[in-house]
Amino acid sequence: MMASGHQLPPHLTPTCCTSCAWGTRRDTAVSPIMATHTWQVVAICVLLAVHLSEQQTLEQACPSCDASQDCNCSAMGLDFIPPGITARITTLNLAHNRIKHIRSQDLQQAVNLRALLLQFNKISSIDEDAFQSLAKLELLDLSNNSLAHVSPAWFGHLLSLQHLHLQGNSYRELGKSSPFSSLRNLSSLHLGNARFSVIRQGNFEGLEILHKLWIDGSNLSQYEQGSLKSIKKINHMIISIRSINVFSEIVRDLVYSVTWLEVRRIAFNIPAEIQELRVMSLSFSKKITFRQILLTDATVPEIVSILEHMPKLVELELIDCRLLGTGQWGVQIEAKESQTLRVLTIEKLSIEKFYLFTDLQTVEGLLSLFTRVTVQNTKVFLVPCSVSQHLISLEYLDLSENLLGDLSLEHSACQGAWPSLQTLNLSQNSLSDLEMTGKSLSYLRNLIVLDISLNNFGEIPDACEWPNSLKYLNLSSTQIPKVTGCIPPGLEVLDVSGNNLKEFGLQLPSLKELYLSKNQLKTLPGAAPTPNLMALSIRRNKLNGFTREEFESFKRMEHLDASDNNFMCSCEFLSFVQHEAGLAQVLVGWPDRYVCDSPLAVRGMRVGAVRLSLMECHRSLVVALVCVLVFLAILLLVAVGYKYHVVWYLRMTWAWLRAKRKPRRAPPKDVCYDAFVSYSDNDSDWVENTMVRELEQACPPFRLCLHKRDFVPGKWIVDNIIDCIEKSHKTLFVLSEHFVQSEWCKYELDFSHFRLFDENNDTAILVLLEPIQSKAIPKRFCKLRKIMNTKTYLEWPLEEEQQQLFWFNLKSALRS
């Protein structure tokens, strides 16, 4: 470990070294055994320090490696493979860095590595034993580096390797022998680059069966015959090449071994050169793909002639190719030998003068055997009626991303056209009249699946004519504002996603799948018009939720996709969704794609994780409960107030506050009574017939204010009491058992209390008509108690000889 140049980190070195040194200083005379033990301890300390240092370096360079088996160190700007890669790691991604060299010790500990990604670095050299410990490695990607040669020693111990990528480097050849002889489990191999020019015999020795072999030989100029013949079977062979001569030599070695041959970036523009490819007619390939190929009117018949002689060819693809011509091939092309070709795919075929292309009469003889035809993104604006009528075996036709209009479709789907057709894709064309589209296709008696999405139909009529056999209809993104009876009633699958639908109520009794995504629906569609519905997609609408009744009305529902809506997470909705048994298995995308939009407090949270409070879920019940509690509290307050005379105190306080706002003492001109007499009506006989006569007939007479005689009629009684007390010099209280039980006497006495204590005067005169026990006086008359305890009062004597003294004292009190 020390020889590799690693240094101890500062935070570890003193601890280990100090501990080890302390162990050796105990006795200077140690035995050889003790010395050996000490050096072992030192070695362990050093190894531990180095390991921890490397682990720390790895975690700093690749934070994702901290506690994961998948270590992603891509695009970290690394110049070398970081140390500390251990047996724990199974996937190591070092792509898009600046690594130049792979050393022997870099991956020595990664014995469990399954995938090693080193593409897009600057690797120019690899130690021969750099991958020696990677016996479990299954994927190695060294593409797009700077390797100038490929060494067999790199792969000698990669016994489990299945996928190897070596393309995009700078090597010109693979060497004199096979670099892959030890890779017995290799499944896919991708090699070659812009400089790759030579393939030698023996370069592929040891490889017998490959799932995919991809050779980038755009500048391949030399191929030794028999180089690829050692490979017995290749499922998919991809070769990018420019030289037809080299390509023909390669094909000669692959006649019996390749199932799917894909040819890229070659130009078939000289008929004489095509003759060299006659060897292809012997090929057992079942599928041929031409990608980014150049064709001309002169070479097309030659290519077809070669392909039709291939004994097992089933499928032909032309993808992203270019045709120089207008289809004037000059000879009649017919299926003479091949009876196996069934599938034709043409995608993104560039025809510069496509508007001059002929009616394809020269290839009509090839068409009768095709069962699947795809002509996509090729600017097709018309399929001649005669061509359609010759496609008698056609079951699948894809004409998407072309220029077909309503009138051209009517001509293309003429009487007798495509008699066996079951699936038709006309998406993303120039159709605009749905009624005319349905009528044009009504002759297709076997049509089951129709895709006319991404056209612009707009308003659709109330009735249309369709093939009776139609079961699947795709009308997504066709700008229809509403669905009408134009939709065939016998459908089993209907897709009207991506329109502006606000409701859906069509009667479709056979419908099993309905797709309503990306519309404006606010509720689930009714279940009654679609009793057999099993799958419904209503994602990305304006759905706020759905009830148990709405969901259970779909008796046969197995899949419901209501994700990506703005759910209003009400208590009813949450209770249903979270507790309905089996609903999670029906909802597609549950729970991650079901998110609350309201209430605001739970916006953005998953529906399944929201828990609302009792107040939010039972608001009416809580309000009713609060109202009951408030009512009971009011009743309790009323009862307490009645028992403790709170109302009386409040009324007195209000009256007192009003009195406080008046002047403290009435002006002398307003004082017109000598005394205000406060008494109970039960004592009125003594007051009116005895006391009033005695005082008002005295000399000089006293003027008394009596409530029966002097209160102003119609005026609030409390105001009368206050005014009369304020207009009197004295307040005369005739106390008795009846007095303390009288409510109005209490008011009069209390206002007198206010005047007595607020103005600090001596206006109250107490006349005790009969003995009263202090306990009989109510507690709230605490001031009366105090007056009776501190102030002298007059008692009415029953003996006549003492009554003269009583009147003398009373008159004296009134004059004071």
Side-chain angles (χ1 to χ4, degrees), residues 189 199-205 207-215 217 220-291 293-296 298-319 321 329 331-345 363 365-366 368-371:
L189 173 62
I199 295 180
R200 301 187 185 279
Q201 196 170 24
N203 282 163
F204 297 93
E205 289 292 337
L207 301 178
E208 294 186 359
I209 298 176
L210 287 178
H211 175 71
K212 179 186 287 187
L213 174 59
W214 188 338
I215 300 177
L220 192 63
S221 59
Q222 182 180 348
Y223 176 82
E224 294 185 1
Q225 192 64 44
S227 299
L228 287 168
K229 208 165 188 178
S230 60
I231 307 177
K232 304 301 181 183
K233 183 178 180 181
I234 304 174
N235 287 330
H236 187 188
M237 169 76 176
I238 304 174
I239 181 165
S240 298
I241 196 166
R242 293 179 182 174
S243 172
I244 292 182
N245 295 328
V246 175
F247 175 60
S248 64
E249 294 296 326
I250 293 175
V251 170
R252 195 180 303 276
D253 284 346
L254 301 176
V255 167
Y256 303 108
S257 58
V258 175
T259 302
W260 175 9
L261 177 61
E262 181 174 341
V263 187
R264 300 186 177 189
R265 297 188 181 91
I266 193 170
F268 297 136
N269 54 1
I270 302 176
E273 292 181 342
I274 304 302
Q275 298 303 317
E276 299 183 18
L277 295 179
R278 285 291 170 183
V279 67
M280 283 186 65
S281 61
L282 303 175
S283 174
F284 279 23
S285 297
K286 295 181 180 180
K287 181 177 180 180
I288 298 291
T289 298
F290 293 126
R291 189 185 296 268
I293 298 298
L294 177 64
L295 300 168
T296 67
T299 57
V300 167
E302 300 294 334
I303 296 293
V304 173
S305 176
I306 293 172
L307 296 177
E308 70 174 358
H309 286 86
M310 294 179 63
K312 294 188 177 182
L313 184 63
V314 175
E315 183 173 356
L316 174 63
E317 287 184 339
L318 286 86
I319 301 174
C321 295
W329 295 323
V331 296
Q332 194 76 14
I333 303 174
E334 297 183 0
K336 298 176 182 178
E337 302 291 339
S338 177
Q339 296 295 317
T340 59
L341 188 60
R342 295 291 183 271
V343 181
L344 173 64
T345 300
V363 296
L366 285 173
S368 61
L369 297 177
F370 286 128
T371 59

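Atom set for the values below is all heavy atoms of this structure, side chains included, hydrogens, waters and symmetry mates excluded.
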Could you pull out the closest heavy-atom pair between [X] and [Y], with the gap in Å?
X    : Y    : value
P311 : S281 : CD-O, 3.5 Å
R252 : V255 : O-CG2, 3.4 Å
L313 : L307 : CD2-O, 3.7 Å
L261 : V258 : N-CG1, 3.8 Å
L254 : M237 : CD1-CE, 3.9 Å
E315 : T345 : OE2-OG1, 4.3 Å

| said: Check this for me: does any side-chain nitrogen of one of K232 and E208 sit under 4.0 Å from a carboxylate oxygen of the other? | reply: no
| task | Run the salt-bridge test on R200 and E205 with the 4.0 Å N-O cut-off and return the result as yes or no. | result | no
| query | Taking the side chain from S257 and the backbone from K233, do they hold a donor-acceptor pair closer than 3.5 Å? | reply | no
| Any donor-acceptor pair under 3.5 Å linking the side chain of S285 with the backbone of I288? | no
| task | Taking side-chain contact (heavy atoms from CB on, under 4.5 Å) as the test, write out the residues that go with K229, two or more places apart. | result | D253
| task | Could you please spell out the steps behind the side-chain contact (heavy atoms from CB on, under 4.5 Å) verdict for I250 and I241? | result | CA-CA 11 Å; I250 293 175; I241 196 166; 4.1 Å; yes
Any non-hydrogen side-chain atom of [X] less than 4.5 Å from a side-chain atom of [Y]?
X    : Y    : result
R278 : I306 : yes
I293 : L318 : no
L341 : L369 : no
L228 : L213 : yes
L316 : F290 : yes
I319 : R291 : yes
I244 : F268 : yes

| query | Hey, are T289 and E317 close enough side-chain-wise for a donor-acceptor pair under 3.5 Å? | reply | yes
Quick one: [atom1] on [X] to [atom2] on [Y], what's the gap to the nearest 0.5 Å?
X    : Y    : atom1 : atom2 : value
I239 : R264 : CD1   : CZ    : 11.5 Å
L344 : F370 : CG    : CZ    : 4.5 Å
I266 : S240 : CD1   : OG    : 10.0 Å
I270 : E302 : CD1   : CD    : 13.0 Å
L277 : S305 : CG    : OG    : 12.0 Å
L210 : I231 : CG    : CD1   : 5.0 Å

| query | For E273, which residues count as a salt bridge (charged side-chain N to carboxylate O under 4.0 Å, His left out) partner, sequence neighbours excluded? | reply | none
